[in-house]
Colleague: 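The structure follows.
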Amino acid sequence: MAGPDATSAFALSAGSNVIALSELKTIPGDAPSDDSSEPQTETAPTQLPLPDPLINKAQPKDEPAAETGDKQDDTPDGPVEISNDISKLPAPVSRMRELMIEAARTGDISRLTPLLGKGPTQTQVGGSDAGDNPAETLKGLSGDPDGIEIMAILIDVLSTGYAHIGAGTPEEMYVWPYFSEKALNTLTPPEKVDLLRLVTAGDYLGMQEFGNYNFYRTGITPDGQWKFFVAGD
């Protein structure tokens with residue numbers, strides 16, 4: 001007896017749920033495969049550049065200095081320490097300042113003579129050669145015949161804050177008033193009050209044209225030598 005025909009074979013196969021792989025159809029919804037195309041590589045999603053962590057990052061601020069009453073101003077010649085604290089003066093400087101004020105308060109210009117020195121250590125006064133008697137030179141600069149005005153100016157100058165300049169150098173000095181070592185356009189309102197205790201508002205306007213304080217100033221070296229008492233810039 002001959003084997004089952006093709007129809008019977010298919011029926012058997014279908015009845016047994018056996019389907020040849022070659023007869024599988026494409027499942028709807030699946031993309032047709034293309035055996036001849038190159039393998040597709042997965043493309044990474046485009047990422048926006050992350051911001052530079054240094055951009056727009058707040059920079060750390062310097063710690064505020066302690067409130068000591070002192071401050072430093074940078075100048076072309078180096079830092080200048082400005083202070084109102086007389087207790088921080090070296091002892092020789094403090095002593096000379098006290099002697100200068102005591103002598104000026106007497107109203108007797110000759111009382112300044114021992115403090116003005118002689119020879120190489122003689123105090124520069126008036127911006128010119130004072131000869132052998134600088135006290136008399138100062139007297140001649142005063143607006144009165146006895147030198148009272150110039151002594152009053154000396155007391156007022158020494159009553160302001162001071163500037164410590166040239167620290168650690170041969171030019172180290174303690175200078176009064178402190179604003180003689182500052183540009184006028186940097187003065188704060190309280191510092192302008194200090195300035196106008198020494199000069200008039202008209203004098204101040206004149207100084208602004210030059211940018212510098214040009215009234216009397218005085219300096220004492222760290223070893224207590226009265227170095228100068230002059231006017232001008």
Colleague: Keeping the roles fixed (side chain from Q208, backbone from L184), state whether a donor-acceptor pair exists under 3.5 Å.
Modeller: no

Colleague: Decide whether T221 and D223 meet the rule of one side-chain donor and one side-chain acceptor closer than 3.5 Å.
Modeller: yes

Colleague: Enumerate, atom names and distances included, each donor-acceptor pair closer than 3.5 Å involving a side-chain atom of residues 94-101, sequence neighbours excluded.
Modeller:
unit_1 : atom_1 : unit_2 : atom_2 : d
R97    : NE     : L158   : O      : 3.2
R97    : NH2    : L158   : O      : 3.1

Colleague: Kindly compute the distance separating CG (L116) from CZ (F228), expressed to the nearest 0.5 Å.
Modeller: 13.5 Å

Colleague: Taking atom OH of Y216 and atom OG of S180, what is their separation to the nearest 0.5 Å?
Modeller: 14.5 Å

Colleague: I'd like to know if the side chain of T123 reaches the main chain of K227, judged simply by a donor and an acceptor atom lying under 3.5 Å from each other, with no hydrogens or angles considered.
Modeller: no

Colleague: What's the spacing between N133 CG and K139 NZ if we round to 0.5 Å?
Modeller: 9.5 Å

Colleague: Answer yes or no: is there a donor N or O on one side and an acceptor on the other, between the side chain of D194 and the main chain of E191, under 3.5 Å?
Modeller: no

Colleague: Determine, step by step, whether L112 and L154 satisfy the side-chain contact (heavy atoms from CB on, under 4.5 Å) criterion, reporting the C-alpha distance in whole Å, the side-chain angles of both residues, the deciding distance to 0.1 Å, and the verdict.
Modeller: CA-CA 11 Å; L112 291 174; L154 178 60; 4.2 Å; yes

Colleague: Quick one: closest heavy-atom pair of R217 and A231, and the distance?
Modeller: NH1-C, 4.3 Å

Colleague: Listing request: all salt bridge (Lys or Arg N to Asp or Glu O under 4.0 Å) pairs with a residue in residues 143-172, at least two apart in sequence or in separate chains.
Modeller: none

Colleague: Might you point out which heavy atoms bring A135 and T113 nearest each other, and give the distance in Å?
Modeller: CB-OG1, 3.4 Å

Colleague: Please report the closest heavy-atom contact between P222 and P90, naming both atoms and the distance.
Modeller: O-CB, 4.2 Å

Colleague: CD1/I155 to CD/E102 distance, rounded to the nearest 0.5 angstrom?
Modeller: 10.5 Å

Colleague: Kindly compute the distance separating CG (D108) from CE (M151), expressed to the nearest 0.5 Å.
Modeller: 7.0 Å

Colleague: Quick one: sort the W226 and F229 rings into parallel, tilted or perpendicular, breaks at 30° and 60°.
Modeller: tilted

Colleague: With a 4.5 Å cut-off on side-chain heavy atoms, are Y174 and L89 touching?
Modeller: yes

Colleague: Apply side-chain contact (heavy atoms from CB on, under 4.5 Å) to Q225 and I220, showing your working.
Modeller: CA-CA 5 Å; Q225 179 189 343; I220 304 175; 5.9 Å; no

Colleague: Begin from the C-alpha positions of K192 and F179 and carry the test side-chain contact (heavy atoms from CB on, under 4.5 Å) through to its verdict.
Modeller: CA-CA 9 Å; K192 291 177 183 178; F179 37 78; over 6 Å; no

Colleague: Are the side chains of L198 and Y213 in touch, meaning some heavy atoms are under 4.5 Å apart?
Modeller: yes

Colleague: Quick one: does T106's side chain have a donor or acceptor within less than 3.5 Å of a partner on A103's backbone?
Modeller: yes

Colleague: Check whether any side-chain heavy atom of L195 sits under 4.5 Å from a side-chain heavy atom of F215, and report yes or no.
Modeller: no

Colleague: Below 4.5 Å, heavy atoms only, C-beta onward: do Y162 and I86 meet side chain to side chain?
Modeller: yes

Colleague: Quick one: does K88's side chain get under 4.5 Å of H164's, heavy atoms only?
Modeller: no

